[in-house]
*Asks:* 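Right, I'll just put the structure down here and ask away after.
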Number of protein chains: 2
Amino acid sequence: MTKDATSPGAARVPAFRRAEPDARRRTLIEACARVLAREGATGASVRAIAKEAGVSPGLIGHYFAGVEGLVAETYRAVVSRVNGGIFAEVEAAGGDARARIDTFIRANFSPVVADPALLATWIAFWTMVASRPLFRGLHHDKNGEFRAGIEGLLADCGVAEDRLRAEATALSALIDGLWLELCLAPDGLSADQAVAIVRAQVERITG
Amino acid sequence: MTKDATSPGAARVPAFRRAEPDARRRTLIEACARVLAREGATGASVRAIAKEAGVSPGLIGHYFAGVEGLVAETYRAVVSRVNGGIFAEVEAAGGDARARIDTFIRANFSPVVADPALLATWIAFWTMVASRPLFRGLHHDKNGEFRAGIEGLLADCGVAEDRLRAEATALSALIDGLWLELCLAPDGLSADQAVAIVRAQVERITG
DNA sequence: GATATTGTTGAACGATCGTATAACAACTTG
DNA sequence: CAAGTTGTTATACGATCGTTCAACAATATC
């Protein structure tokens with residue numbers, strides 16, 4: 001019989017680790033995102049998320065305002081990660097306005113963005129928008145950021161300022177609609193088709 | 001004390017009515033739609049729907065393949081009603097192709113279509129698309145019908161056949177994206193703005 | 001009016017939900 | 001090394017979930 005944690009003088013094996021509050025929050029948010037991606041919007045229960053994170057269920061209530069609060073933070077994190085990645089690609093594309101917006105288009109339909117697993121996060125979020133003002137405000141903020149990014153790209157392409165708002169709103173809606181369809185029916189619409197459609201639209205806008 | 005159902009000779013008050021299977025199914029579907037609209041996607045439980053319909057919870061299992069089956073039928077019914085209403089307006093608009101497609105655009109953002117309460121039905125449906133092939137097929141069908149309708153409208157406006165598919169896909173996605181945003185944030189985007197955006201797009205397509 | 005059929009009820013079942021909380025243990029502090 | 005702090009666990013609780021099913025009653029049939 002080998003030594004174990006109960007033997008006198010055995011090396012103690014801590015039953016759990018204490019974590020920095022921020023690190024713990026990130027851990028839980030990432031676990032929530034994984035559960036949403038794997039199980040869908042209805043599978044994101046306290047117990048499933050806690051198990052995924054390797055912690056006790058009670059810990060979620062300790063760090064967030066219940067499951068809703070955690071989902072809200074997860075949405076915020078996932079949106080930031082996805083949109084951050086998209087605009088990082090745009091920056092890496094250099095200074096040419098046309099190249100930048102084309103990179104933006106392609107990035108929006110890359111496999112990591114137009115991913116059915118990602119849709120679950122949005123669905124879980126949309127489910128709560130109708131009844132929770134907190135979620136409504138969060139949607140307003142993130143949507144505004146996204147449209148502002150598009151406005152910048154279009155402005156660099158020489159789109160007149162008085163048309164910017166409407167054209168960016170239209171382009172945002174077009175991308176969202178194609179993204180949704182791509183997530184719901186990956187075998188009905190291809191990413192290349194979506195890219196081609198948005199490209200054609202941008203060319204019509206920028207003349 | 002007045003006579004009641006337990007008094008001898010009192011007019012008998014049936015405890016329940018038997019219904020035609022089709023009528024009962026319609027009743028349950030409509031109740032499900034109302035619950036989805038009022039309570040949201042998470043509130044559509046067997047008990048809530050049965051209470052709304054004024055029947056016993058067990059009856060849902062008798063007529064449908066569980067709650068999922070009822071939600072699937074409800075989605076089918078709501079989509080048919082909404083799209084049917086839209087294309088009925090188009091028919092009522094007469095024979096002029098431009099008038100028809102403009103009516104179509106306005107109908108898509110009328111208060112009864114771009115209704116936040118309606119979004120709950122779509123969300124409940126989208127939640128199940130990822131994991132249930134039945135729902136995936138239903139989405140494919142209904143989406144195809146909608147796009148086919150748009151293709152017809154564009155064809156009548158003289159859009160070349162080899163462009164029809166892509167243009168209709170784009171227009172469908174644009175409408176969906178604007179509709180979604182209108183449902184999620186009714187005070188951020190107005191129906192008139194959405195109509196104007198789609199009008200401009202159609203004019204660019206039809207030349 | 002008696003009988004058969006079956007739509008319908010309502011309760012019971014096990015599972016799972018979110019939350020609260022007492023006990024415990026990891027870490028900090030003195 | 002002892003004491004205090006608090007992050008963490010694990011359980012218990014009440015509520016609600018979807019489904020099942022024996023019993024009942026509304027209707028059809030004869």
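Basis for what follows: all heavy atoms, side chains included, without hydrogens, waters or symmetry-related copies. Order of the sequence lines fixes the chain letters, A, B, ..., with proteins taken first and strands second; residue numbering starts at 1 for each chain. What you see is a predicted model, and the numbers here were worked out from it, not measured in a lab.
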*Asks:* Whole angstroms only, please: what is the CZ-P distance between B/Phe64 and C/dG7?
*Replies:*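 About 14 Å, once rounded to whole Å.
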
*Asks:* Nearest-Å distance, NZ (A/Lys51) to C1' (D/dT9)?
*Replies:*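 Going from NZ in A/Lys51 over to C1' in D/dT9 covers 17 Å.
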
*Asks:* Do you know the tightest heavy-atom contact between B/Ala33 and B/Val78?
*Replies:*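 Minimum heavy-atom separation between B/Ala33 and B/Val78: CB-CG2, 4.1 Å.
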
*Asks:* Ring pair (Phe, Tyr, Trp, His ring centres under 6.0 Å): which pairs involve residues 31-75 of chain A, sequence neighbours left out?
*Replies:*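 As it turns out, the ring pair (Phe, Tyr, Trp, His ring centres under 6.0 Å) pairs with a partner in residues 31-75 of chain A, which skip direct neighbours, are A/Tyr75-A/Trp122, A/Tyr75-A/Phe125.
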
*Asks:* Look at B/Glu91 together with B/Arg100 and state whether they make a salt bridge at an N to O cut-off of under 4.0 Å.
*Replies:*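 Here B/Glu91 pairs with B/Arg100 in a salt bridge, since their nearest N and O are under 4.0 Å apart.
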
*Asks:* Under 4.0 Å between a Lys/Arg side-chain N and an Asp/Glu carboxylate O for B/Glu151 and B/Arg147?
*Replies:*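 The answer is yes: the pair qualifies as a salt bridge.
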
*Asks:* Under 4.0 Å from any atom of DNA chain D, heavy atoms only: list the residues of residues 19-34 of chain A that qualify, in numerical order.
*Replies:*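 Residues of residues 19-34 of chain A under 4.0 Å from DNA chain D: A/Ala19, A/Arg24.
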
*Asks:* Rounded to whole angstroms, how far apart are CD1 on A/Ile60 and C1' on D/dA10?
*Replies:*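 Roughly 14 Å, once rounded to whole Å.
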
*Asks:* Does the B/Arg136 side chain pair with the main chain of A/Ala185, one donor and one acceptor, at a distance under 3.5 Å?
*Replies:*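 Here the side-chain-to-backbone pair does not exist.
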
*Asks:* When rounded to the nearest 0.5 angstrom, what is the spacing between CG in B/Asp192 and CZ in B/Arg199?
*Replies:*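 If I round to the nearest 0.5 Å, the distance is 8.5 Å.
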
*Asks:* Reading nucleotides 12-24 of chain D 5' to 3', which nucleotides get B (base under 4.0 Å from a protein heavy atom), which S (sugar-phosphate only), which -?
*Replies:* B----BBBB----

*Asks:* Could you tell me how the ring of B/Phe104 sits relative to the ring of B/Phe87: parallel (under 30°), tilted (30 to 60°) or perpendicular (over 60°)?
*Replies:*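 Because their plane-to-plane angle lies in the 30° to 60° range, the rings of B/Phe104 and B/Phe87 count as tilted.
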
*Asks:* Would you please confirm or rule out a distance under 4.0 Å between OP1 or OP2 of D/dG7 and any side-chain N or O of A/His62?
*Replies:*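 For A/His62, the contact criterion (side-chain N or O under 4.0 Å from OP1 or OP2 of D/dG7) is met.
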
*Asks:* Charged N to carboxylate O below 4.0 Å: is that the case for A/Glu20 and A/Arg25?
*Replies:*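 Looking at A/Glu20 and A/Arg25, the cut-off is not met.
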
*Asks:* Side-chain N or O of B/Tyr63 less than 4.0 angstrom from OP1 or OP2 on C/dG7?
*Replies:*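 B/Tyr63 to C/dG7 OP1/OP2: no side-chain N or O under 4.0 Å.
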
*Asks:* Would you mind reading off the distance between B/Arg18 atom CZ and D/dA26 atom P, rounded to a whole angstrom?
*Replies:*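 It is 9 Å, rounded to the nearest whole Å.
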
